[in-house]
Amino acid sequence: VFGKDINLILVLNNLSSDRKSVRVDMSASTILYTRRAVAEILKAATSVELGPKQGKHIRVKIPYTHYGKYLTTDKRIQVTALCEVMRTRGLKLLVEKTIILEDTNIIIKLPRRVVVNKAVTLEISYANPLPEPVSRCVLLVTLMNQQVKINLARLAPRERSKIYFEFTPRRAGPLQLQVDFSCDKFSHVKGFVTIAVAPA
């Protein structure tokens, strides 16, 4: 989840009946959706001894403080591990994983029934998932082809807050509400919901 430390486990298994020594070079970078690297956030190397038919786990931790300021709006991190079996002729294995960090910041609560030409109040909850305060918080609400910009108070680390938003639907049928939350430390955290508007 965005704002938390990332914990990974690399599993190495020796399927042979011989003892193996493996060198592991690990790296991680923040990337765009096109897979283009933005910034390297981790570089580490270790060696592992594997007995016959033995498996071992290598734990990797990427703290938020390492990746936070380099993350793009795509919220993607590419992790690679190059595993080289020593004393063999060029036996290498490359393991890659792309991590897409989830947002759990926006929660939209609707009343049970929404009816044409009757005022509706929605609850929009938003959060700061980071271990540091954020300021210049803005909520952009898009509904019925109109945008409303709402300036919000600063949020303490891990703080959640909410606002109430009132509108009156003018026609029956599905209506899409989109919420976009930005602040000085991250931007464009989105939430959306489809509202079923009943006839009067």
Side-chain angles (χ1 to χ4, degrees), residues 1-107 126-134 136-137 140 155 157-160 178-193:
V1 176
F2 174 59
K4 301 274 182 75
D5 294 348
I6 299 168
N7 292 291
L8 303 170
I9 296 174
L10 175 67
V11 181
L12 294 178
N13 286 311
N14 178 8
L15 302 178
S16 76
S17 52
D18 299 323
R19 191 170 188 82
K20 302 287 184 188
S21 180
V22 182
R23 177 183 165 86
V24 182
D25 289 302
M26 300 198 71
S27 65
S29 298
T30 56
I31 60 170
L32 300 172
Y33 75 94
T34 57
R35 292 174 61 97
R36 187 169 72 82
V38 175
E40 188 172 69
I41 54 173
L42 172 78
K43 196 164 185 65
T46 188
S47 292
V48 180
E49 293 293 328
L50 293 171
K53 309 291 185 187
Q54 187 185 18
K56 282 191 179 176
H57 292 185
I58 298 174
R59 296 183 183 277
V60 181
K61 183 176 182 177
I62 308 174
Y64 165 74
T65 51
H66 286 199
Y67 75 79
K69 63 182 176 182
Y70 301 112
L71 208 59
T72 70
T73 53
D74 297 325
K75 295 186 176 64
R76 290 170 187 253
I77 293 174
Q78 178 86 27
V79 182
T80 60
L82 180 62
C83 307
E84 183 178 2
V85 181
M86 309 307 286
R87 296 183 295 278
T88 59
R89 291 186 179 175
L91 184 56
K92 295 179 181 179
L93 174 68
L94 181 67
V95 180
E96 285 189 327
K97 182 169 182 64
T98 300
I99 300 165
I100 303 173
L101 299 175
E102 291 180 12
D103 287 320
T104 54
N105 293 7
I106 305 288
I107 300 170
Y126 55 95
N128 171 16
L130 307 183
E132 55 190 327
V134 296
R136 299 200 299 275
C137 303
L140 197 63
L155 290 172
R158 313 276 189 217
E159 183 183 1
R160 178 169 284 281
Q178 183 171 309
V179 177
D180 187 309
F181 177 54
S182 295
C183 66
D184 64 332
K185 299 285 196 317
F186 55 86
S187 60
H188 304 303
V189 173
K190 297 181 186 297
F192 66 90
V193 68

Taking C-beta and beyond as the side chain, do [X] and [Y] meet within less than 4.5 Å on heavy atoms?
X: V60; Y: V79; result: no
X: K190; Y: I106; result: no
X: R160; Y: I107; result: yes
X: L71; Y: I77; result: yes
X: V48; Y: Q54; result: no
X: L130; Y: F186; result: yes
X: K185; Y: N128; result: no
X: R136; Y: C183; result: no

What closest approach, in Å, do [X] and [Y] show between heavy atoms, and which atom pair accounts for it?
X: S182; Y: H188; value: OG-N, 3.0 Å
X: V22; Y: C83; value: CG1-CB, 4.1 Å
X: G55; Y: N13; value: CA-OD1, 3.3 Å
X: R87; Y: S21; value: NH2-CB, 3.6 Å
X: E40; Y: S29; value: CA-OG, 3.6 Å
X: I31; Y: A37; value: CG2-CA, 3.9 Å

What distance separates [X] [atom1] from [Y] [atom2], expressed to the nearest 0.5 Å?
X: M26; Y: I62; atom1: CE; atom2: CD1; value: 7.5 Å
X: K20; Y: K56; atom1: NZ; atom2: NZ; value: 15.0 Å
X: L93; Y: E84; atom1: CG; atom2: CD; value: 11.5 Å
X: K75; Y: Y33; atom1: NZ; atom2: OH; value: 15.5 Å
X: L140; Y: D180; atom1: CG; atom2: CG; value: 6.0 Å
X: Q78; Y: I100; atom1: CD; atom2: CD1; value: 10.5 Å

Donor-acceptor pair, side chain of [X] and main chain of [Y], under 3.5 angstrom:
X: S27; Y: K43; value: no
X: T30; Y: Y70; value: yes
X: S16; Y: D18; value: yes
X: K53; Y: L15; value: yes
X: N14; Y: G51; value: yes

Would you mind listing every salt bridge (Lys or Arg N to Asp or Glu O under 4.0 Å) that reaches into residues 21-30, with sequence neighbours excluded?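 Only R23-D25 qualify under salt bridge (Lys or Arg N to Asp or Glu O under 4.0 Å).
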Answer yes or no: are there more than 12 heavy-atom neighbours, outside K97 itself, under 6.0 Å from its atom NZ? no
For R35, does the CZ atom have more than 12 heavy-atom neighbours from other residues, nucleotides or ligands under 6.0 Å away? no
